[in-house]
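Data block below; observations after.
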Amino acid sequence: MVGVWLAGLAALHLSAWHGLLVGGAALLLAGVCALTGAAWARGLRWIGVALALGAGCGAVATAARVSVREARPLVALTESGDPVQVWAVVRDDPRALRGTAGPPAYLVAVELERVRRVDGGDPVRLSARALVLSGDPGWRGLLPGQHVIATGKLMPPRPGDLRAAVVSVRKPPRLVGAPSWAQRAAGVLRAGLQRACEPLPDDSGGLLPGLVVGDTSRLDPSLEADFQATGMTHLNAVSGSNVAIILGVILFVVRRFGAGPVLSAAVCGVALVGFVILARPSPSVVRAAAMGAIGLVGLASGRPRAAVPALAAAAAVLLLGDPELAADAGFTLSVLATGGLLLLAPVWRDALRARGWPPGAAEALAVPAAAQVACGPVIAGLSGTVSLIAVPANLVVVPAIAPATLLGVAAALLSAVWPAGAEFAAWCGHWPAEWLVLVARTGARVPAGALPWPDGVPGALLLAGLTVVFLITARRAVVRRLTAVVAAGAVLGALPVRLLASGWPPPGWLVVACSVGQGDAIVLSAGGGRAVVVDAGPEPDPVDGCLRRLGIRQVVLFVVSHYHADHIGGVDGIFRGRAVALVVAPDWPEPEGGREQVAQVAGRAGTPARAVGPGWVYEVGGLRLDALAPLEPLHGTNSDPNNNSLVLRATLAGWTVLLLGDAETEEQNDLVGRLGVAAVRADVLKVAHHGSALQSTELLDAVDPAVALVSVGVGNDYGHPNASLIARLESDGARVMRTDRSGDVAVTVAGGGLAVAARGAPDG
């Protein structure tokens with residue numbers, strides 16, 4: 001399995017020809033190892049044969065799939081950019097892209113069957129994966145297995161992606177036939193489960209379908225982030241744990257009625273097929289079913305080590321059938337979690353029972369601990385953190401998982417024949433789901449709940465090495481005691497420091513430029529967990545995270561400088577879990593999609609929204625805002641939305657902050673020319689338009705800031721910020737702080753003057 005995995009991962013980034021060469025060389029090496037070698041090294045020799053054979057098969061299988069992507073007729077159609085007509089089969093549920101202004105776009109995984117130019121020519125027949133990208137809502141309700149015909153343009157896939165192309169489509173698909181009965185049944189039951197959950201509170205009502213069948217379409221993104229922070233994200237996705245829970249309960253029930261191994265296996269097999277149909281027989285669900293079934297067989301048989309070869313064989317077969325899984329983090333975590341369940345959990349369970357633990361408590365602690373230890377290196381490499389609360393969080397939610405899952409399944413099944421009964425089952429299931437929500441929400445806010453760790457492959461390998469060393473040496477009692485003492489000392493020593501001097505937010509902060517990628521989100525303190533927020537960045541999660549780190553519970557005013565997506569795309573994040581009292585924006589209609597998005601979000605929350613202009617004043621908690629511009633509508637400029645940005649001057653604690661939005665040279669010149677130097681003078685300048693070159697030198701001279709904040713994304717394609725502008729600001733005596741280098745940046749009052757503090761973790 002290891003050989004197949006590594007070779008498949010490497011061959012994803014090679015051409016088909018080079019992949020075949022690597023595979024052939026590995027198979028040749030396997031043959032040489034099998035025929036040669038000393039007798040004393042027979043064990044090592046056969047390990048080498050297995051690795052080389054797996055690597056050869058993995059490389060050849062991947063090269064065969066890559067050859068489809070590199071087929072000359074398909075590459076020629078992609079490079080030409082000509083409109084094409086495609087015949088395809090939908091492979092998975094359409095996925096709405098979050099954080100886009102205006103109507104959502106949809107990503108649909110499909111299997112291409114034929115492609116031809118719209119203007120004629122012979123069709124190219126093939127069997128290759130692709131992605132459809134479309135903003136037309138006609139793609140939203142498709143079911144897997146549905147045959148469709150669509151017209152669009154082919155675009156090349158990402159490197160290392162086995163998909164042959166990305167199909168950009170503007171119009172709805174033309175449906176051909178109907179999906180299979182299994183897919184239709186799954187669609188009916190999943191829709192019924194969502195209907196049964198509609199009367200429930202948003203958190204538990206959105207979580208229950210995710211817990212049962214991985215349907216997270218209604219799940220609050222902030223709750224999803226909390227599940228990830230507490231190491232519980234596996235609960236709202238279809239994974240082997242879903243399968244193991246359902247089959248484990250069924251196995252327990254049938255054994256209580258005296259069923260033998262054959263009958264138990266048959267009942268569990270029927271239940272497994274039913275669950276796959278309910279959760280949607282997509283590749284990810286089938287993989288989860290395989291992993292969960294193997295883990296359950298190992299635990300139920302009392303011979304978990306006998307299931308390890310079955311796990312390795314299943315993983316190898318899945319990798320050979322779908323080499324792209326080699327780069328799939330979800331598949332990696334699924335295999336590792338199942339391996340931990342088979343190898344570590346029984347040993348730890350028996351050790352705890354030998355020390356007097358009750359059997360149920362020993363099982364409940366051993367299972368999440370083993371899964372977390374096995375998956376820890378990959379999670380650390382992906383997130384750059386090591387969670388200290390994942391095991392406790394997963395331990396305390398154990399009693400709620402099975403009843404919530406089973407009641408959710410019951411609600412889905414009853415929805416087809418008894419809607420009222422389905423709603424009652426969902427209502428019963430939402431109570432244990434509320435416990436999961438409470439644990440996730442609380443755990444995500446535990447100070448020092450996650451420690452920073454090197455990310456990427458180096459971080460994963462480092463933690464994997466330390467984990468292996470610990471598991472080997474922990475067999476000695478003295479090592480276990482020493483490790484416990486060191487760990488307890490580290491936690492007890494670090495926790496007070498993290499609690500009392502967390503470093504963020506800095507005391508006395510006035511204004512914070514949030515690190516939200518290539519966009520703007522500025523926070524002005526209004527005291528007592530309240531703030532004024534100007535702009536929301538391009539995505540909801542970064543601005544929501546910034547406000548959480550600052551402890552903002554209420555947004556007394558949300559200001560939209562203008563309606564470009566990099567300033568309003570994250571508006572949902574402003575409203576997550578906090579009240580927003582008022583929304584204001586300039587009286588400018590463009591872009592229309594951004595304006596509608598802000599209006600929709602504010603309308604759902606019942607927050608009033610209105611347009612304001614020069615002369616508007618707002619005061620709260622010692623903070624005063626004065627609207628300075630646009631003094632009059634500007635037309636025909638380089639960018640009219642930018643040059644009609646709402647410009648604000650904030651005064652707080654005796655200091656002034658000038659917020660320019662994305663105002664460019666035209667609006668800046670108009671501002672200083674008509675209002676004069678005194679009106680725009682400020683101690684802190686939020687540099688306009690991410691530090692672009694389109695700045696008025698007259699305005700910069702008039703403002704003469706002590707601190708200049710540049711909100712800009714890491715490695716952006718626009719060349720922001722302009723090097724000459726930064727040099728000018730610094731030569732004039734301003735302290736320039738950039739979010740792409742420093743993360744969240746705060747301006748504080750210290751010693752009677754201004755100071756700056758940086759969180760040091762750029763987002764986006």
Side-chain angles (χ1 to χ4, degrees), residues 203 220-226 228-230 385 388-389 437-452 494-516 520-537 539-559 570-582 605 607 620-623 625 650 652-653 655 657 684 709 711 737 739 742-750 755-763:
D203 283 344
D220 186 342
S222 65
L223 180 59
E224 195 170 7
D226 289 341
Q228 184 175 6
T230 52
T385 59
L388 300 181
I389 60 171
V437 171
L438 177 63
V439 172
R441 294 287 195 197
T442 305
R445 287 157 180 76
V446 171
L451 299 180
L495 189 57
V497 176
R498 294 290 295 271
L499 290 173
L500 300 178
S502 63
W504 197 264
W509 67 274
L510 302 177
V511 55
V512 170
C514 295
S515 175
V516 293
D520 269 16
I522 307 297
V523 185
L524 300 165
S525 174
R530 301 182 303 164
V532 170
V533 181
V534 182
D535 291 329
E539 299 285 345
D541 291 343
V543 67
D544 177 42
C546 180
L547 293 175
R548 288 192 188 194
R549 292 189 290 270
L550 294 173
I552 302 304
R553 298 182 298 276
Q554 181 184 11
V555 176
V556 294
L557 176 68
F558 172 51
V559 181
V571 62
D572 283 297
I574 302 291
F575 286 77
R576 282 184 190 168
R578 57 184 69 88
V580 180
L582 176 65
T607 301
V620 59
L623 166 64
L625 286 176
L652 60 170
W655 303 93
V657 182
V684 179
L709 303 176
S711 184
M737 300 296 293
T739 59
S742 301
D744 297 343
V745 176
V747 179
T748 68
V749 176
V756 294
R759 183 169 170 268
D763 294 323

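This is a predicted model, so every value here is computed, not measured.
- Of all the heavy atoms in Val439 and Thr230, the pair that sits closest is O-CG2, 4.3 Å.
- You'll find the side chain of Val657 reaches within 4.5 Å of the side chain of Leu652, heavy atoms only.
- Counting heavy atoms from C-beta on, the side chains of Asp572 and Phe575 never come closer than 4.5 Å.
- Ser742 and Met737 get closest at one heavy-atom pair: OG-CE, 3.9 Å.
- One finds the OG atom of Ser525 at 7.5 Å from the CG atom of Leu510 (value rounded to the nearest 0.5 Å).
- Ion pairing between Arg576 and Asp541 holds under the 4.0 Å rule for side-chain N and carboxylate O.
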Query raised in the report: Given the rule in the side chain to side chain contact (heavy atoms under 4.5 Å, CB included) test, do Val580 and Gln554 qualify, once you have shown the distances and angles that lead to the verdict?
Result: CA-CA 6 Å; Val580 180; Gln554 181 184 11; over 6 Å; no
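- Between Leu625 and Leu524 the shortest side-chain heavy-atom distance falls below 4.5 Å.
- For the pair Trp655/Val749, a side-chain contact is recorded, criterion being any heavy-atom separation below 4.5 Å from C-beta on.
- Closest of all the heavy-atom pairs between Ala746 and Val512 is CB-CG2, 3.7 Å.
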Query raised in the report: Can you check side chain to side chain contact (heavy atoms under 4.5 Å, CB included) on Val523 and Val511, steps first, answer last?
Result: CA-CA 6 Å; Val523 185; Val511 55; over 6 Å; no
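- Considering Asp535, Leu582, Val534, Val533 in turn, Val534 is the only one that fulfils the side chain to side chain contact (heavy atoms under 4.5 Å, CB included) rule with Val559.
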**Report entry** side chain to side chain contact (heavy atoms under 4.5 Å, CB included) between Val556 and Val532, worked out
**Finding:** CA-CA 6 Å; Val556 294; Val532 170; 3.8 Å; yes
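- At least one side-chain heavy atom of Val571 sits less than 4.5 Å from a side-chain heavy atom of Phe558.
- By the 4.5 Å heavy-atom criterion applied to side chains, Asp520 and Val516 are not counted as neighbours.
- In terms of modelled atom types and a separation under 3.5 Å, the side chain of Thr748 and the main chain of Val756 share no donor-acceptor contact.
- What you find for Val620 and Ala526 is that their closest heavy atoms are CG1-CB, 4.3 Å.
- Rounded to the nearest 0.5 angstrom, Ile574 CD1 and Thr607 OG1 are separated by 11.5 Å.
- Side chain of Arg553 to backbone of Arg530: no donor-acceptor contact under 3.5 angstrom is found.
- Put simply, the side chain of Asp744 gets close to the backbone of Ser515: a donor and an acceptor are under 3.5 Å apart.
- The minimum heavy-atom distance linking Cys514 with Thr739 is given by the pair O-CG2, 3.9 Å.
- For the residue pair Ile552 and Ala531, the shortest heavy atom distance occurs at CD1-CB, 3.6 Å.
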